[in-house]
Amino acid sequence: MSWFKNLKIRTKLLTGFMLIAFLTLLVGIIGYNSIVSIAKNGEDIFTNRLIPILDLGNAESAFLTIRGDVYAALDSDNVNERDIFTASIKDQTKLVDELIEKYSKTVLVKEEEETLAKFKPEWVEYKNQLNN
């Protein structure tokens, strides 16, 4: 370490500034390449990742509406209200089916395929229970 102490201040400062400049340049190049990559794949990311997330969110919303309507229909004494809830349940069930079908046609990773394979039979069973 004595060799560093023996250097002049000017040499130490220039070495430090060059090291910082090199690191800044390296970080800038990596960041720029990442931004270019995202820009190139932006359309693909949007259509294959974000739109399916939106569909899953809408499917979850429709499922929660079904669940609430089932509870409300079971709690209601009025036949007309039950008919309204039943119609809403059927509409939301169709919507969930459409959204899940649309989602299953997108590009899925392995975990999504496994989860979807588990979900579909359970969804069919849930619909069967609703119809009974």
Are [X] and [Y] side-chain neighbours, meaning at least one heavy-atom pair lies under 4.5 Å?
X	Y	result
S104	K120	yes
L130	I66	yes
E112	V109	yes

If hydrophobic clusters are built from ILVMFWY residues whose side chains come within less than 4.5 Å, do [X] and [Y] share one?
X	Y	answer
L99	F119	no
I53	I51	yes
L116	W123	yes
V27	F17	no

inquiry  = Taking atom CZ as the centre, does R49 end up with more than 12 heavy-atom neighbours from other residues, nucleotides or ligands that are less than 6.0 angstrom away?
reply    =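 Above 12, so yes.
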What are the two closest heavy atoms between [X] and [Y], and how far apart are they?
X	Y	value
I100	A59	CD1-CB, 4.2 Å
F85	A72	CZ-CB, 3.4 Å
R67	Y126	CA-OH, 4.3 Å

key: From T106 atom OG1 to L56 atom CG, the distance as rounded to the nearest 0.5 Å   =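 Separation between the atoms: 8.0 Å.
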request  = Mind checking the CD1-OG1 spacing from I29 to T24? Nearest 0.5 Å is all I need.
outcome  = 11.0 Å
message = Tell me every residue that passes salt bridge (charged side-chain N to carboxylate O under 4.0 Å, His left out) with K127, counting only those two or more places apart in sequence or in another chain.
response = D97
key: side chain to side chain contact (heavy atoms under 4.5 Å, CB included) partner of T11, chosen from I9, T15, L13   = T15
Donor-acceptor contacts, no H, no angles, side chain residues 87-95, under 3.5 Å, sequence neighbours left out:
residue, atom, partner, partner atom, Å
S88, OG, D69, OD2, 2.5
T93, OG1, I89, O, 2.6

ask   = So, the side chain of S34 versus the backbone of I30: is there a donor-acceptor pair under 3.5 Å, distance only?
value =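 Pair found, side chain donor or acceptor close to backbone of I30.
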Output side-chain donor-acceptor pairs under 3.5 Å for residues 75-82, partner residues at least two apart or in another chain, one line each.
residue, atom, partner, partner atom, Å
S76, OG, N78, N, 3.2
S76, OG, N78, O, 3.3
S76, OG, E81, OE1, 2.8
N78, OD1, N80, N, 3.0
R82, NE, S76, O, 3.0
R82, NH2, S76, O, 3.3
R82, NH2, D77, O, 3.3

